[in-house]
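When reading the values below, keep in mind they use all heavy atoms of this one structure, side chains included, and skip hydrogens, waters and symmetry mates. All values derive from a computational prediction rather than experimental measurement.
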Amino acid sequence: QVRLVESGGGSVQAGGSLRLSCAASGVTISSYSMAWFRQAPGKEREGVATINTDGSFTAYADSVKGRFSISRDNANNMLYLQIDSLKPEDTAMYYCAAGRPNPQTWRLIFAADFRYWGQGTQVTVSS
């Protein structure tokens with residue numbers, strides 16, 4: 001059974017940092033592209049960062065470029081998201097996902113391309 005479990009969320013003040021983690025079991029993540037998505041109340045799920053199977057390529061949503069950094073540790077089946085310079089608009093539930101996106105569109109981080117999902121970790125940023 002595939003399981004992705006996120007951790008590291010919390011409540012922080014604007015300008016602060018968080019490091020989200022995603023622990024995978026039942027699946028070898030080295031076979032999959034990985035991504036982080038977020039969803040705020042009343043808004044659609046948004047892909048914020050993705051990384052290819054060996055970590056050599058990454059892509060980010062424009063809204064987070066320069067502040068978010070995605071990384072992976074295939075040996076330990078872990079995915080990470082370093083979030084710096086947090087803003088109130090970053091408040092959302094953050095999800096990790098594993099999939100095999102279309103090579104032509106993988107930088108667009110489409111949710112439909114990702115097969116396995118975690119339950120999410122909440123990030124709340126106060127001003």
Side-chain angles (χ1 to χ4, degrees):
Q1 180 182 359
V2 176
R3 193 165 181 231
L4 302 178
V5 179
E6 302 92 338
S7 61
S11 297
V12 297
Q13 289 194 327
S17 298
L18 285 172
R19 188 188 194 211
L20 307 185
S21 300
C22 173
S25 60
V27 62
T28 302
I29 67 166
S30 59
S31 300
Y32 293 89
S33 291
M34 302 293 293
W36 286 96
F37 291 80
R38 67 184 181 186
Q39 188 166 20
K43 294 189 176 181
E44 293 187 356
R45 189 168 294 193
E46 174 192 20
V48 296
T50 190
I51 188 167
N52 70 333
T53 53
D54 66 2
S56 56
F57 293 100
T58 58
Y60 299 90
D62 288 343
S63 58
V64 307
K65 280 181 182 176
R67 300 187 300 118
F68 287 25
S69 179
I70 188 171
S71 61
R72 64 191 298 160
D73 178 355
N74 286 343
N76 290 297
N77 245 16
M78 294 290 295
L79 177 72
Y80 302 100
L81 185 68
Q82 178 67 39
I83 309 176
D84 297 321
S85 303
L86 276 158
K87 303 177 180 180
E89 51 264 42
D90 295 321
T91 294
M93 187 73 78
Y94 283 71
Y95 302 89
C96 68
R100 295 191 171 111
N102 186 320
Q104 305 301 318
T105 59
W106 74 276
R107 290 179 179 272
L108 301 178
I109 322 176
F110 292 133
D113 287 339
F114 291 84
R115 178 177 181 182
Y116 301 113
W117 292 81
Q119 294 300 304
T121 186
Q122 178 68 37
V123 172
T124 302
V125 185
S126 58
S127 57

Checklist entry - Heavy-atom distance under 4.5 Å between the side chains of Thr50 and Trp106, does that happen here? => result yes

Item to check | Partners meeting ring pair (Phe, Tyr, Trp, His ring centres under 6.0 Å) with Trp117 (sequence neighbours left out) | outcome: Phe37

Next on the checklist: I'd like to check Ser63 versus Glu89 (side-chain heavy atoms, cut-off strictly below 4.5 Å). Are they in contact?
Outcome noted: no

Next on the checklist: Could you measure the distance from the CG atom of Leu86 to the OG atom of Ser17? Nearest 0.5 Å is fine.
Outcome noted: 6.5 Å

Item to check | Whether Asn102 side chain and Asp113 backbone form a donor-acceptor pair below 3.5 Å | outcome: no

Checklist entry - In the single-linkage hydrophobic clustering (I, L, V, M, F, W, Y; side-chain heavy atoms under 4.5 Å), do Val123 and Tyr95 co-cluster? => result no

Checklist entry - Would a distance-only check, ignoring hydrogens and angles, find a side-chain to backbone donor-acceptor pair under 3.5 Å from Tyr60 to Ile70? => result yes

Item to check | Pairwise distance CD(Gln13) to OG1(Thr124) - rounded to 0.5 angstrom | outcome: 13.0 Å

Item to check | Rounded distance (nearest 0.5 Å) linking atom SG of Cys22 with atom CE of Met34 | outcome: 4.5 Å

Next on the checklist: Trp36 vs Leu79, test: side-chain contact (heavy atoms from CB on, under 4.5 Å). Steps then yes/no.
Outcome noted: CA-CA 9 Å; Trp36 286 96; Leu79 177 72; 3.4 Å; yes

Checklist entry - Below 4.5 Å, heavy atoms only, C-beta onward: do Arg100 and Ser31 meet side chain to side chain? => result yes

Checklist entry - Who passes side-chain hydrogen bond (donor to acceptor under 3.5 Å, both in side chains) against Tyr94, sequence neighbours left out? => result Arg38

Next on the checklist: Distance check, rounded to the nearest 0.5 Å: Asn77 atom CG versus Ile29 atom CD1?
Outcome noted: 5.0 Å

Checklist entry - If Ile, Leu, Val, Met, Phe, Trp and Tyr residues are connected whenever their side-chain heavy atoms lie under 4.5 Å apart, and connections chain through other members, are Val125 and Leu81 in the same group? => result yes

Item to check | Glu6 side chain to Gln119 backbone, donor-acceptor under 3.5 Å | outcome: yes

Checklist entry - Within a strict 4.5 Å, meaning less than it, do heavy atoms of the Ser21 and Met78 side chains meet? => result yes

Item to check | Tyr116: ring pair (Phe, Tyr, Trp, His ring centres under 6.0 Å) partners, not counting sequence neighbours | outcome: Tyr32

Checklist entry - Linking I/L/V/M/F/W/Y whenever their side-chain heavy atoms sit closer than 4.5 Å, directly or via other members, would Phe68 and Leu20 fall into one cluster? => result yes

Checklist entry - Which atoms form the tightest heavy-atom contact between Val2 and Gly26, and what is the distance? => result CG2-O, 3.6 Å

Checklist entry - Can you tell me if Arg72 uses its side chain to pair, donor with acceptor, with the backbone of Asn52 under 3.5 Å? => result yes

Item to check | Within one Ile-Leu-Val-Met-Phe-Trp-Tyr cluster: Ile51 and Val27, side-chain cutoff 4.5 Å | outcome: yes

Checklist entry - Is any side-chain heavy atom of Thr121 closer than 4.5 Å to a side-chain heavy atom of Ser7? => result no

Checklist entry - If only atom types and distance count, is the side chain of Asn74 paired as donor or acceptor with the main-chain N or O of Asp54 below 3.5 Å? => result no

Checklist outcome for this item: Correct closest heavy-atom pair for Pro88 and Ala14 would be CD-CB, 4.1 Å

Checklist entry - Should Asp90 and Lys87 count as an ion pair when the cut-off is N to O under 4.0 Å? => result no

Checklist outcome for this item: Rounded to the nearest 0.5 angstrom, the CD1-OG distance for Ile109 and Ser33 is 10.5 Å

